[in-house]
Number of protein chains: 2
Amino acid sequence: MRADAKRNRDKIVEVAREVFKERGMDAPLDEIAKRAGVGPGTLYRHFPTREELHDAVMQAWVERVNEYADKALAHEGGPRGQLLAWFTEYVALLTAHKGAAARITCSLGMPDSPIRTKCEIYAAANARVLDTLAEQGALRADVENLQVARLVGGVASVADQAELGGEQIEPMLAVIADGILAD
Amino acid sequence: MRADAKRNRDKIVEVAREVFKERGMDAPLDEIAKRAGVGPGTLYRHFPTREELHDAVMQAWVERVNEYADKALAHEGGPRGQLLAWFTEYVALLTAHKGAAARITCSLGMPDSPIRTKCEIYAAANARVLDTLAEQGALRADVENLQVARLVGGVASVADQAELGGEQIEPMLAVIADGILAD
DNA sequence: ACCTGAACACCGTTCAAGT
DNA sequence: ACCTGAACACCGTTCAAGT
């Protein structure tokens, strides 16, 4: 990759992050091109689909998922407190960019999604938290990690689109937690 | 309303129902106008926003919600069976039109949504099922009907967008049920 | 090899002219 | 009072011409 190409690519991703943050994940692409000082064709050369640009933008996002998983596992309040901490942090992360929650959640477990990389990292972090708790015998035997990921992602999607506050989200996450914790 | 206007309106709704069913809730509007044999301006006169057309199309949908609530309450298998029956039927109904689940769910509890009428009817049916079970002491004291509606709607949204099958949906609904049933 | 930007396509929305 | 359809606007996508 030529130096000017790399500079353009980086600039596009940087600007896209801002624009997606401000106006949501389906903001006009030519606004991004304009602000980045490139022609629309350049944006298309680097990112043939909107999803590929999403993927690049969410790179930073993903690096924090593992941090959050660790923090949740270190949380006091036993398995229930840890589960809730994890769910809460994850929903917060997902709803940081409007429109991201639904996209990521519906790509979970789809091996050929364009944002596959991000999904795998989240799925791994989620599995790490759940497996840790399962080893302690804290969870029902029949819960699958993917199902839990989709449930929490569903809450995040609804919260994102309906613009719910934390006090509305918390009790929904508690229902999910109670549904998977061993009696 | 003049007779020809009414005829046009009815035809638009009828065609819109087919087109939304075939191509999802954000299918091109001028395809609907074309198939209904009217100019685009006529469609706009009757339905100034896409949401208002959605609302008209979902009228039939909504009439079946109450039927389903009754069926679920008559279900055998005790409170858990009844809850699951209700959730399952509701998700099936919501995912019948691609894109409808997320729209309806995120409008729940928003008094000035354009599809408010539909949401209220669903919320009422949901409340009827949950209240009946609560009177029997089958549910935890602190579950709010709206939260449950959003949880199930979240599952429906994810199932809709990821095109999940019933065998993937069922265990997620079971988690929600277990999360709200009294121990 | 990469970029630009004019050109095209698609679709939502408006409105002047018609009945 | 209602309808039509041309016209406009917006935005995604392509590609010939440039460096």
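Just so we're on the same page: letters track the sequence lines, and every chain starts at 1. Since the model is a prediction, treat every value here as computed from it, not as a measurement.
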(message) Is any side-chain heavy atom of A/I104 closer than 4.5 Å to one of A/C119?
(response) yes
(message) B/H75: which residues meet the ring-ring contact (aromatic ring centres under 6.0 Å, His included) condition with it, sequence neighbours left out?
(response) none
Can you give the donor-acceptor pairs under 3.5 Å from side chains of residues 60-72 of chain B to other protein atoms, not counting sequence neighbours?
unit_1	atom_1	unit_2	atom_2	d
B/W61	NE1	B/L93	O	3.3
B/R64	NH2	B/Y68	OH	3.1
B/N66	OD1	B/R128	NH2	3.3
B/D70	OD1	B/R128	NH1	2.9
B/D70	OD1	B/R128	NH2	3.2

(message) Check the orientation of A/Y90 and A/Y122. Use parallel for under 30°, tilted for 30 to 60°, and perpendicular for over 60°.
(response) parallel
(message) For D/dC3, give the paired nucleotide (Watson-Crick: N1-N3 plus N6-O4 or O6-N4; G-U: N1-O2 and O6-N3; both under 3.5 Å), or none.
(response) none
(request) Specify the separation, in whole Å, of atom CG of A/D10 and atom P of C/dC2. (result) 14 Å
(request) Identify the nucleotide, in any strand shown, that forms a Watson-Crick or G-U wobble pair with C/dC11, with both distances under 3.5 Å; if there is none, say none. (result) none
(message) Base contacts versus sugar-phosphate-only contacts with protein, heavy atoms under 4.0 Å: please encode nucleotides 3-15 of chain C as B, S and - from 5' to 3'.
(response) SBBB----SSBBB
(request) Please check if the side chain of B/R50 supplies one atom and the backbone of B/A27 the other of a donor-acceptor pair under 3.5 Å. (result) yes
